[in-house]
Amino acid sequence: FFLKTFLLQKSSSAIIIKFLPFLCFDMACLSVALLLALCGVVGIRAESLSYTTGAWSRCSSSCGIGVQIRSVSCIRDPGDGSSPEVIASARCRRSQLQIVRPDTHQICNFDVLCPAELTYVHDRPCSHSCGGGVISARPVCRRKNNAGRYDPLPLTECRNASRPSYNLARPIPCNTDVQCPPLYEFGDWGHCSSSCGQGTRSRRVRCFHRRQGRVLRAELNKCLTELGHKPHTQSCNLGVCRDNYKWRSTDWSMCSVRCEKTRIVKCYSAKDGRFVEEKECAHEERPAELSRCINMGTLLWNVSDWNKCSTTFGECTQQRQVTCVDSRTGKEARSCAHCLKPSEYTRCHPRFCSGQRQSGSAGTGTCTTDSTCPQAMFDKASDNAAKTLCSLKTYEFICCGVCAARGF
């Protein structure tokens, strides 16, 4: 056993001879040992095993802690001067020479600080608990530490960091396999079928379910099965019927001298065919019994053009014809309201009857106001004062329009 050990460790012949008395105890052992020692003297050596290493690889991380690797091979030196050869690593591991195997990994860049980086995480709850939803992305600023983990940083630290891929910021689908229960959708209640007494009203009832963020219509039976019946009609009552009681009124009377017309208004029972107390028609607004005459329907007052100004009974006046006409037939009528009848006469300025007329007036009674007329004085004057001013020669012509407007 000792002899084999020394031979594998490339022991020299001198060492073998030195320890020969302790190794062999009979002539056969001594003969073999001397023969092997002589082989060493003449240059015959035993083979040896060792490890060889390759170059270290690039660091796995450019910052923070990383790892470098290299190859480690087991080689055998035959001991006869030929080149060593690579053999199975198990040979070196099983060797009793206790050859120490070099490391294949080592730590690198542990003193290089990593820059801040911006990324997105999806740590928010799903937008819908059923029927499919999305988990929106949240921006996160972080830095890789020497332990290979990430430390959170404020977002302001990533202002100059490069933007991550858009795909990282996309929402992630969630709860797509969770089916939502059906749900009802109700419309507003419609009008009661009866304006008084007992009636019914209805509403729209539809069944829906949500799937992948969309609301889809479902069969009504699905809602009926899972949610039960929801009525789409109900009774309604708008109070005691008053339709039998209505206001009735006569036709409007002729317009009076005060330009008013009247009619008779009473409460009438359609059920009994008679007039009743007005309180029975209190549910309706009572029509008016008195009204101002605004128009005469198909009857119209037809007026002609004004005649030229002339002196009549000492006054300068002009006249036109005013007749009552039925617009349907175009013939004269007698029922036009006198309160709405236009005037047949109007006064002219005296100068239109004295022969002193302005150019272009042609005796029509129209006149203008000169820019020199003290308009403000006439506006503040009473009718008597204005009449006195208009009679003065000073203002008769330059204030003709103002005086005509005041009727002087």
Within a reach of under 6.0 Å around CD1 of Ile264, are more than 12 heavy atoms found that belong to other residues, nucleotides or ligands? no
Tightest non-hydrogen contact, residues Cys281 and Tyr268, listed as SG-N, 4.2 Å
Please report the interatomic distance OG(Ser50) to CD1(Ile75), rounded to the nearest 0.5 Å. 3.5 Å
Minimum heavy-atom separation for Cys174 and Ile135, please, with both atom names. SG-CG1, 3.6 Å
Do any pairs count as a salt bridge (Lys or Arg N to Asp or Glu O under 4.0 Å) and have a residue in residues 175-188, sequence neighbours left out, and if so which ones? Glu185-Arg206
Is it true that, when you exclude Asp251 itself, more than 12 heavy atoms of the residues, nucleotides or ligands shown sit nearer than 6.0 Å to its CG? no
Between side-chain atoms of residues 100-107 and protein atoms elsewhere (two or more places apart, or another chain), which donor-acceptor pairs fall under 3.5 Å?
from	atom 1	to	atom 2	distance (Å)
Gln106	NE2	Gln68	OE1	2.8

Find out if the SG atoms belonging to Cys316 and Cys309 lie under 2.5 Å from one another. no
For the pair Gln318 (side chain) and Thr346 (backbone), establish whether a donor and an acceptor sit closer than 3.5 Å, ignoring hydrogens and angles. no
So salt bridge (Lys or Arg N to Asp or Glu O under 4.0 Å) across residues 142-164, not counting sequence neighbours, yields Glu117-Arg142
With rounding to the nearest 0.5 Å, note down the distance linking OG in Ser89 to CG in Leu49. 11.5 Å
Under the rule for side-chain hydrogen bond (donor to acceptor under 3.5 Å, both in side chains), what residues qualify as partners of Thr262, not counting sequence neighbours? Ser253
Side chain proximity check, Arg204 to His232, heavy atoms < 4.5 angstrom: no
With Glu278 as partner, the option from Lys266, Lys246, Arg286, Arg248 fulfilling salt bridge (Lys or Arg N to Asp or Glu O under 4.0 Å) is Arg286
Does the pair Asn175 and Cys130 meet the rule for a side-chain contact (heavy atoms from CB on, under 4.5 Å), with working shown? CA-CA 6 Å; Asn175 289 339; Cys130 62; 5.9 Å; no
Student check: side-chain heavy atoms of Cys63 and Pro115 closer than 4.5 Å: yes
Measure across Ser193 and Cys236 and return the closest heavy-atom pair with its distance rounded to 0.1 Å. N-SG, 4.3 Å
Closest heavy-atom pair, Trp247 versus Glu285, reported as atoms and distance to 0.1 Å, is CD1-O, 3.5 Å
Sidechain-backbone polar pair: Asn109 side chain, Gly66 backbone, donor-acceptor under 3.5 Å: no
Is there side-chain contact between Ser73 and Cys92, with at least one heavy-atom pair below 4.5 Å? no
Measuring from Leu118:CG to Leu153:CG, what's the distance to the nearest 0.5 Å? 11.0 Å
To the nearest 0.5 Å, tell me how far Thr323 OG1 sits from Lys331 NZ. 14.5 Å
Heavy-atom pair with the smallest gap, counting every atom of Leu168 and Ala137: O-CB, 3.9 Å
Roughly how far apart are Leu300 CG and Arg328 CZ, rounded to 0.5 Å? 10.5 Å
Counting neighbours of NZ on Lys341 that are heavy atoms of other residues, nucleotides or ligands and sit closer than 6.0 Å, is the number greater than 12? yes
Is it the case that over 12 heavy atoms from other parts of the model lie below 6.0 angstrom from the NE2 atom of His122? yes
Taking side-chain hydrogen bond (donor to acceptor under 3.5 Å, both in side chains) as the test, write out the residues that go with Tyr51, two or more places apart. none
Side-chain heavy-atom pair Cys324, Trp301 within 4.5 angstrom cut-off: yes
Looking at every non-hydrogen atom in both residues, tell me the closest pair between Val303 and Pro342 and how far apart they are. CG1-CG, 3.8 Å
Taken to the nearest 0.5 Å, the spacing of Glu344 CD from Ser304 OG works out to 9.0 Å
Under the side-chain hydrogen bond (donor to acceptor under 3.5 Å, both in side chains) test, which residues partner Arg138, sequence neighbours left out? Asp123
